[in-house]
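Keep in mind that the numbers below use all heavy atoms, side chains included, and drop hydrogens, waters and symmetry copies.
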Amino acid sequence: MLTSTIKNITLATSLCLVAGSAAAAFDFEVGDEGKLSFGGYLKVDARYVSGDVAYRDFWIGSGQPLAESANQFKIFANESRFNTKYVHGDVMGFIEMDFYGGGGNEVVSNSANPRLRHAFINYKGLTAGQTWTTFMNTSAIPETADFAGATIGLAFIRQGQVRYEMGDFQVSIENPESVGGDTANDDLPDVVARYNVKGDWGNVSFSALGRNLNTTTGNSETAFGGSIAGVVNTFGRDDFRFQVHLGDVGRYVGVGAVQDLVGEEVESTTSYLAAYRHYWTDTLRSTVLYGYLETDVSNIERSQWSVNLFQNLTPALAIGVEVGNFAMDDQNVDSDYVQLSMRYAL
């Protein structure tokens with residue numbers, strides 16, 4: 001019984017880390033085998049953007065080009081998030097929200113709507129609900145002040161799915177969406193398979209994606225894509241994080257940069273991210289990164305770089321500063337940014 005309970009709690013903890021959430025700090029025993037946890041973090045950002053791509057609280061793969069350069073400054077806390085996890089025997093349930101759900105203005109109260117991030121159930125290797133796509137290796141996301149950092153180089157989607165895990169192999173069926181096509185006839189789920197290689201040196205994942213896409217004229221197109229991503233430990237506590245995505249990956253990569261279909265053609269994408277994190281001391285570290293994306297049909301070309309410095313004032317409280325640039329190279333526009341952050345893990 002004790003061995004089974006430890007195994008279940010360990011599985012639940014690993015799933016929460018995969019969900020990209022801070023480790024829960026408040027745990028409560030519920031009955032003989034039950035455990036209820038609350039976690040998340042509070043994050044406050046001060047952000048200054050200057051250039052001819054319009055201000056965003058965080059960069060995504062697309063942006064609004066400006067006729068003239070503009071400068072804008074904001075302070076916000078929308079990235080703050082809360083989660084709850086319940087483990088009972090072999091069953092684990094997890095739910096999380098943040099405050100990027102829209103609403104809010106600077107006139108009076110700046111109220112922001114909550115947004116569902118994750119809501120899933122896990123039972124003996126079976127996961128069902130909304131969470132990160134199986135195509136995505138969350139450990140390969142670099143530490144940044146800008147939310148997720150260089151999203152053009154990331155596989156980055158949360159969506160409904162049913163996933164089964166067998167050791168280092170995972171397979172899932174996930175929500176379809178023919179972006180740029182006829183979404184009303186998306187009647188076949190996306191299929192994702194992934195294999196993980198892990199060791200003391202870090203981890204690498206190999207992912208494959210297969211989809212059926214529907215054009216606006218009623219045609220059906222088959223799309224395939226692949227991804228290699230991971231984190232490699234280098235010297236001391238330093239690490240190198242990378243992602244490479246190729247093929248018909250469409251909406252799975254770049255956070256809004258790419259459509260799945262352009263007219264009757266399936267868009268082909270090349271996207272990559274490289275990030276190196278160096279620890280100056282046990283609590284002081286920096287990450288330098290570069291991300292790039294280009295497409296073959298619509299000729300989209302995007303890039304982003306940044307460098308930062310983070311310091312832990314306490315084990316749970318970190319402050320940081322980051323400078324960087326986001327460029328829409330296909331439209332010859334770009335913006336620089338500076339961001340200060342304070343993050344307190346609950």
Side-chain angles (χ1 to χ4, degrees), residues 14-23 41 43 58-61 79 131-158 168 170 194-207 209 225-246 249 252-255 257 269-294 302-312 318 320-326 337 339 341 343 345:
S14 65
L15 283 171
C16 285
L17 291 176
V18 168
S21 306
Y41 60 77
K43 185 167 182 277
F58 59 91
W59 298 121
I60 61 173
E79 190 181 322
T131 190
W132 296 120
T133 173
T134 309
F135 193 69
M136 176 181 176
N137 184 343
T138 58
S139 69
I141 300 176
E143 181 181 26
T144 57
D146 185 36
F147 179 58
T151 53
I152 53 172
L154 298 180
F156 196 95
I157 282 185
R158 291 185 299 270
D168 293 324
Q170 298 172 320
R194 173 175 155 186
Y195 185 73
N196 304 308
V197 180
K198 298 174 286 187
D200 294 339
W201 50 271
N203 76 80
V204 175
S205 66
F206 302 87
S207 302
L209 170 67
S227 171
I228 301 174
V231 53
V232 178
N233 302 321
T234 56
F235 307 100
R237 298 180 63 186
D238 291 11
D239 61 65
F240 173 69
R241 304 183 186 217
F242 67 94
Q243 301 191 27
V244 180
H245 316 289
L246 299 169
V249 291
Y252 277 78
V253 172
V255 189
T269 302
T270 299
S271 170
Y272 62 81
L273 169 74
Y276 191 87
R277 179 169 63 173
H278 172 66
Y279 275 82
W280 305 99
T281 69
D282 288 342
T283 58
L284 183 68
R285 67 271 186 198
S286 294
T287 294
V288 57
L289 66 81
Y290 179 77
Y292 179 81
L293 177 148
E294 65 177 6
R302 307 286 154 84
S303 62
Q304 183 177 345
W305 65 264
S306 68
V307 60
N308 58 47
L309 183 68
F310 284 95
Q311 169 69 50
N312 270 79
V321 59
E322 180 170 297
V323 297
N325 175 272
F326 171 74
Y337 74 98
Q339 187 161 330
S341 293
R343 183 178 182 274

Minimum heavy-atom distance Tyr279-Asp238, with the two atoms named: N-OD1, 2.9 Å

From CG (Asn196) to OG (Ser205), nearest 0.5 Å: 6.0 Å

Rounded to the nearest 0.5 Å, what separates atom CG in Asp146 from atom CD in Glu79? 9.0 Å

Working for side chain to side chain contact (heavy atoms under 4.5 Å, CB included), residues Phe242 and Ile228: CA-CA 8 Å; Phe242 67 94; Ile228 301 174; 3.9 Å; yes

Please give me the minimum heavy-atom distance between Ala140 and Leu273, naming the atom from each residue. O-CD2, 4.2 Å

Would you please classify the geometry between the Tyr290 ring and the Tyr272 ring as parallel, tilted or perpendicular, with 30° and 60° separating the classes? tilted

Nearest heavy-atom approach of Asn308 to Glu322 is ND2-OE1, 2.9 Å

If we count only N and O atoms by modelled type, under 3.5 Å, do the side chains of Tyr252 and Ser227 hold a donor and an acceptor together? no

Straight-line distance of Trp201 CH2 to Thr234 OG1, nearest 0.5 Å: 13.5 Å

Find out whether Val197 and Phe206 are in side-chain contact, i.e. whether some heavy atom of one side chain is under 4.5 Å from a heavy atom of the other. yes

Return the CG to OH distance between Asp239 and Tyr276, rounded to the nearest 0.5 Å. 7.5 Å

Check whether any side-chain N or O of Arg237 sits under 3.5 Å from a backbone N or O of Phe235 as a donor-acceptor pair, and report yes or no. no

No-hydrogen, no-angle side-chain donor-acceptor test under 3.5 Å, Glu294 and Tyr292: yes

Taking all heavy atoms of Leu293 and all of Ile152, pick out the closest pair and write down the distance. CD1-O, 3.4 Å

Validation row, ring centre Phe156 to ring centre Trp132 under 6.0 Å: yes

Test log, rule side chain to side chain contact (heavy atoms under 4.5 Å, CB included), inputs Leu154 and Gln243: CA-CA 7 Å; Leu154 298 180; Gln243 301 191 27; 3.1 Å; yes

If you measure from CD1 on Ile60 to CZ on Phe326, what distance do you get to the nearest 0.5 Å? 8.0 Å

Let me confirm one number: the CZ-CD distance from Arg277 to Glu143, rounded to the nearest 0.5 Å. 5.0 Å

For a side chain to side chain contact (heavy atoms under 4.5 Å, CB included) check, start with the C-alpha distance between Thr133 and Leu209, then their side-chain angles and the critical distance, and finish with the verdict. CA-CA 10 Å; Thr133 173; Leu209 170 67; over 6 Å; no

Do you know the tightest heavy-atom contact between Lys43 and Ala145? NZ-O, 3.0 Å

Parallel, tilted or perpendicular: which one describes the rings of Trp280 and His278, with boundaries at 30° and 60°? perpendicular

With side chain to side chain contact (heavy atoms under 4.5 Å, CB included) as the test, would you mind laying out the steps for His245 and Thr269 before giving the verdict? CA-CA 8 Å; His245 316 289; Thr269 302; over 6 Å; no

Where Ser139 and Arg241 come nearest, the two heavy atoms and their spacing: O-NH1, 3.0 Å

